[in-house]
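Numbers here are sequence positions counted from 1. Each ligand, and each atom within it, is numbered from 1 in the order the structure gives.
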Amino acid sequence: MTAASDDTGLIRVLLPLPLAEPFSYRPGGAAPAPGDIVEVPFGSRVLLGAVWDGAADPLPPGKTAKSVLRRCDAPPLPAALRRLVDWVAAYTLNPTGAVLKMCLPEPRALVEPPPQRQVLSPGAAVEMRASPQRDRVLQVAREQPGLSAAELAAAAAVSPAVVRKLVELGALHADSVPAFRAPPPPDWQQPGRALNATQAEAAAGLRAAVAARDFSVTLLEGVTGAGKTEVYYEAVAEALKLGRQVLVLLPEIALTQQSLDRFEQRFGAPAWAWHSEMAEGRRAATLRAISRGEARVVIGARSALFLPYADLGLVIVDEEHDASYKQEEGVIYNARDMAVVRGKLEGIAVVLASATPSLESLHNVARRRYAHAVLPQRHGEARLPDVAVIDMRKEKLPAQRFLSAALVAELERNLAAGEQAMLFLNRRGYAPLTLCGACGHRLECPNCSAWLVEHRRHGRLQCHHCGHQQRLPEACPACGAEDHFKACGPGVERLAEEAAALFPEARLAVMASDTANTPQQIAAMLERMETGGIDILVGTQIVAKGHHFPLLTLVGVIDADLGLAGGDPRAAERTHQLLTQVAGRAGRAEHPGRVLLQSFLPEHPVIAALSRHDGAGFIAAEMAERQRAQMPPFGRLAAIIVSGADQAAVQAAARLLARTAPPGDGRTLQVLGPAPAPLHYLRGRFRERLLLKAARDVDVPAVLREWISRTKLPSGVKRAIDIDPYSFL
Ligand code: ADP
Ligand code: ZN
């Protein structure tokens, strides 16, 4: 039988696949060290993986380990990143390999030579028949070096065959060059704006935190327009001065372009972008540059957090309170929290910036775990806008009209003065509900327990949960009545229609993630808004974040209390954050701003606090309430969602989980549910939820691990674990 000695000295290799554990391999001739990227046989495939720390388990009898095929010429995964992978896998109860996959979204990019492209330049003079077309091509090739054949043909307005022939004749010469050339490094010595005294103090604190080369978290809190970005750029300059890399996380891809432009202005060279919409070649080139330390500053969405930076020196999480940092699928994690974990493991400074910090971060400040830098005032002359609440219960609007008389009057005044206005409604599409006027039947998604939302521009009804789309049916599926459908309630499209009817001369634009869906389109629209090409911008929360519109003086919020319904424990906090952000768009430059909140709940603490500019009072009251209820940040939550196509099986599985739940004492540990999820049918699957509520000092992942290890669910029923849930749907 195989001698045990054959399998001594095995190493562990973690593969970027949803597998819990590294596999054992013989090191082969390569003698790889932990972190090395290696190529290994796996089943019938050849895969790239990372050598993991620790001793390999002995193989079961009768099994022999395969050998590593080669050690790749790629920078090894740093130890801190390997520890992060282990930590995140344990905390979120995901397979370690699934977390590695987030670090190496395209492992080949690390080991293969950078992508090349063929460019043409004029070759030696050759004997050939001259033609105006050929002359034009050669002239363009001289004037614009570095064009590909297709680009050259287009630039010279000739067919590709003309260019091909010139290459064949030797009149044009083809060269391989890197497809993506690294930009010059940002210049940290370039001076930023002259900071005011508070800004300078905050910046000095951040610079010191970076220079300390040690773990720290600073919450940089300042009203919109206070200059948080200017201040954290000082921390960026410090990290660059130390020769280290910087990651700036943003909650929305739509914000990256503005951010990249501003960065380039400040540092004289572009940063590297990272988000899910990038073309594959650029992703590969960026990943490679990150792993080799060539990408000095990365501005990206949450997925940029896990990339294999060669020498990360600073992480900034802008708009740290934003719920988009929560990834809700696959490995469920909060990038803001994991940024702090990465900072701790790397021993570096982390900066969390927000005008409306999360209660979690504020609580960490109160517990003295985070430093606090505060910019209480807007820079320069800009003042916070006046906020007025309009009680919609008293408003006598005709059916399916949504703009109050007061708001219409303000819009009129604004247009007459040549100033910009924004109408904010956090609902995409035309109308959230379509019903049959004859029988009352509501049009629902066939795959979800949700109404279909009409998108009139696209002539479609859409499900916002699964993406299902259909045309408006000819007749009511329930009673057969024709031409009886009624659109109920407003979406941004409908609001824009109302505004256009009231102000036909105004230049109007609608911005929502589905009307302006590419980052380029959004950037173009933002630019038009910034330069005064739009009079009234109608938008969803995408317009609320981070933008700087110097000419905007009026913000109208429709259905300000929209987010307050439902069972989300953070509903009030989030509504407060969102509306503060929206209100903060007004009057950012020299013109003062006005904000009108249309509300059906004007006495609600959130709405009342906004009208009094009493953010601090609201936070204090909300904090006290959370403490009383032992909810985050004072207690911990974890959700288990079971789902499947067979409702009875899902319910049985949920009941089984409830039966095997750890015994609660009602104080440190409590299991609530199971209950049908508010979205109890989603993408063709029935869903039941359980919620674990625990005191702060409970090791929730350990409790969950023990619990689910005792509970075998039937096949066909899927279990998702959401630690620190943000969505309660
Ligand atoms: P925040 O990130 O807090 O919303 P920004 O950093 O975007 O604020 O600053 C808001 C506006 O004020 C920007 O146009 C910025 O360039 C300007 N600004 C901030 N601080 C200064 C300063 N010290 N000098 C000149 N302009 C400043
Ligand atoms: Zn659906």
Side-chain angles (χ1 to χ4, degrees), residues 191-204 206 219-236 248 250-251 255 258-259 261-267 299 316-322 351-357 373-385 428-429 432 442-453 455 460-470 526 530-531 544-552 577 580-591 593 643 677-687 729:
R193 296 182 196 268
L195 301 180
N196 64 39
T198 14
Q199 289 175 336
E201 193 187 326
L206 295 187
L219 176 62
L220 175 60
E221 177 179 4
V223 295
T224 40
K228 294 182 294 297
T229 314
E230 299 294 337
V231 168
Y232 73 58
Y233 278 166
E234 295 298 308
V236 173
V248 180
L250 300 176
L255 292 175
Q258 244 194 353
S259 219
D261 292 347
R262 189 163 169 190
F263 180 89
E264 188 167 352
Q265 267 175 20
R266 170 67 177 80
F267 291 100
I299 296 181
I316 292 161
V317 185
D318 205 350
E319 312 281 353
E320 65 89 29
H321 63 279
D322 200 295
V351 177
L352 309 179
S354 175
T356 52
V374 184
L375 307 175
Q377 260 150 28
R378 287 192 165 183
H379 177 73
E381 293 302 303
R383 291 285 159 266
L384 284 173
R428 293 187 282 138
R442 298 163 170 201
L443 294 180
E444 284 198 21
C445 174
N447 316 315
C448 305
S449 46
W451 296 337
L452 289 172
V453 179
H455 287 249
R460 297 258 176 214
L461 297 167
Q462 237 184 54
C463 172
H464 284 182
H465 299 287
C466 73
H468 168 84
Q469 297 201 6
Q470 63 178 63
L526 291 173
E530 266 173 57
T531 52
K545 298 175 186 177
H547 312 297
H548 182 58
F549 302 133
L551 309 172
L552 178 70
Q577 284 160 343
T580 306
Q581 296 272 340
V582 177
R585 296 307 112 211
R588 301 246 304 170
E590 56 272 26
H591 309 283
S643 66
L679 256 174
H680 70 262
Y681 188 55
L682 176 67
R683 296 191 181 97
R685 301 169 73 88
F686 294 92
R687 305 166 75 238
L729 288 179

Problem set entry | Angle subtended at the Zn ion (ligand 2) by SG of C466 and SG of C463, nearest 10° | 110°
Exercise. Would you call A194 a ligand 1 contact, heavy-atom distance under 4.0 Å?
Worked result: yes
For this session: Say whether V223 and ligand 1 are in contact under the criterion: heavy-atom distance to a ligand atom below 4.0 Å.
Result: yes
Exercise. What's the shortest heavy-atom distance between L552 and R585, and which atoms?
Worked result: CD2-O, 3.3 Å
Exercise. How about P357 and L352: do any of their side-chain heavy atoms sit closer than 4.5 Å?
Worked result: no
For this session: Could you tell me whether G227 and ligand 1 have an N or O pair separated by under 3.5 Å?
Result: yes
Exercise. What part of R262, side chain, backbone, both or neither, has a heavy atom within less than 4.0 angstrom of ligand 1?
Worked result: side chain
Exercise. Taking heavy atoms and a distance under 4.0 Å, where does R193 meet ligand 1: side chain, backbone, both or neither?
Worked result: side chain
Exercise. Should E319 and K228 count as an ion pair when the cut-off is N to O under 4.0 Å?
Worked result: no
Seminar exercise, completed: Paired with V231, the side-chain contact (heavy atoms from CB on, under 4.5 Å) test is passed by just one of V351, L206, T198, namely L206
Exercise. Does R685 reach the main-chain N or O of S643 with its side chain, forming a donor-acceptor pair under 3.5 Å?
Worked result: yes
Exercise. Do any N or O atoms from the side chain of S354 and from the backbone of E320 form a donor-acceptor pair under 3.5 angstrom?
Worked result: no
For this session: Please identify which atoms of ligand 1 are closer than 4.0 Å to at least one heavy atom of E230.
Result: 6 (O), 15 (C), 16 (O), 19 (C), 20 (N)
Exercise. Mind checking whether the Zn ion (ligand 2) has an N, O or S of C448 under 2.8 Å?
Worked result: yes
Exercise. Has E201 got more than 12 heavy atoms of other residues, nucleotides or ligands less than 6.0 Å from its CD?
Worked result: no
Exercise. Counting backbone and side chain alike, does C445 bring an N/O/S atom below 2.8 Å of the Zn ion (ligand 2)?
Worked result: yes
Exercise. Atoms of ligand 1 less than 4.0 Å from L195 heavy atoms?
Worked result: 23 (N)
